[in-house]
Amino acid sequence: MSIVKINAVTVPKDKQERFEERFRGRAGAVETTPGFEWFELLRPVEGTDQYLVYTRWTTVEDYEAWQSSQDFDRAHDGGGDTLASAAPHSAHVWTYEVLEYAGPKANQAGQA
């Protein structure tokens with residue numbers, strides 16, 4: 001059963017472009033981490049200024065190993081720029097277990 005970590009980060013309007021830029025420039029080290037399954041950065045469309053950083057892991061232990069790694073520290077130090085924390089005290093991490101999931105069904109057209 002996979003585990004999902006969602007980091008909800010409130011980013012003021014004037015810092016959103018830079019926040020997104022930082023994610024576009026990320027090294028991608030998480031993708032080679034044992035137990036890593038998925039990453040998504042979700043931009044708010046309306047009604048909030050909270051971005052969601054969604055990652056999925058094979059186990060909690062895999063996530064914790066990533067979180068205590070040097071790659072994690074490098075990915076989150078901000079490279080010394082002012083974006084290291086666009087909103088330093090506005091992040092919340094939520095944890096969920098994946099109970100069910102589905103993807104697109106195969107196209108059934110032309111099959112009898």
Side-chain angles (χ1 to χ4, degrees):
M1 182 178 323
S2 296
I3 191 90
V4 169
K5 292 289 188 170
I6 300 172
N7 191 351
V9 184
T10 302
V11 182
K13 280 266 188 229
D14 65 327
K15 296 189 188 295
Q16 289 179 352
E17 185 176 327
R18 182 69 181 108
F19 181 80
E20 292 177 18
E21 180 183 316
R22 178 167 175 223
F23 272 91
R24 280 191 296 277
R26 66 191 190 82
V30 70
E31 285 93 327
T32 61
T33 302
F36 170 80
E37 296 179 357
W38 199 259
F39 161 84
E40 290 180 325
L41 173 62
L42 306 177
R43 175 195 297 143
V45 175
E46 61 183 72
T48 185
D49 55 0
Q50 263 189 343
Y51 281 74
L52 300 180
V53 182
Y54 172 102
T55 57
R56 190 173 70 209
W57 301 86
T58 305
T59 67
V60 172
E61 293 78 17
D62 291 327
Y63 170 78
E64 289 172 350
W66 157 250
Q67 193 177 32
S68 63
S69 72
Q70 289 181 349
D71 284 338
F72 178 90
D73 289 342
R74 280 192 291 273
H76 293 85
D77 73 2
D81 68 25
T82 58
L83 190 67
S85 193
H89 302 293
S90 65
H92 305 281
V93 178
W94 303 323
T95 304
Y96 293 87
E97 290 179 328
V98 177
L99 297 180
E100 293 188 43
Y101 65 92
K105 292 186 178 188
N107 184 353
Q108 300 294 321
Q111 294 182 355

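In this text the structure is predicted, and so the values were computed from the model without any measurement.
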Quiz item: By side-chain contact (heavy atoms from CB on, under 4.5 Å), which residues pair with V60, not counting sequence neighbours?
Solution: I3, E64

Quiz item: Got a sec, which residues hit side-chain contact (heavy atoms from CB on, under 4.5 Å) with Q16, two or more places apart in sequence or on another chain?
Solution: V11, K13, D49, Y51

Return all side-chain donor-acceptor pairs below 3.5 angstrom for residues 39-47, not counting sequence neighbours, or 'none' if the list is empty.
residue	atom	partner	partner atom	Å
E40	OE2	W38	NE1	3.2
R43	NE	E20	OE2	2.9
R43	NH2	E20	OE1	2.9

Please determine whether residues [X] and [Y] belong to a single hydrophobic cluster, defined as Ile, Leu, Val, Met, Phe, Trp and Tyr linked transitively by side-chain heavy-atom distances below 4.5 Å.
| X | Y | answer |
| --- | --- | --- |
| V98 | Y96 | yes |
| I6 | V30 | no |
| F36 | W66 | yes |
| Y54 | M1 | no |
| V9 | L52 | no |

Quiz prompt | Validation row: V53, F23 side chains within 4.5 angstrom (heavy atoms) | solution = yes

Quiz item: Is R18 paired with E21 through a side-chain N to carboxylate O contact shorter than 4.0 Å?
Solution: yes

Quiz item: From Y63 OH over to T33 OG1, what is the distance, rounded to the nearest 0.5 angstrom?
Solution: 11.5 Å

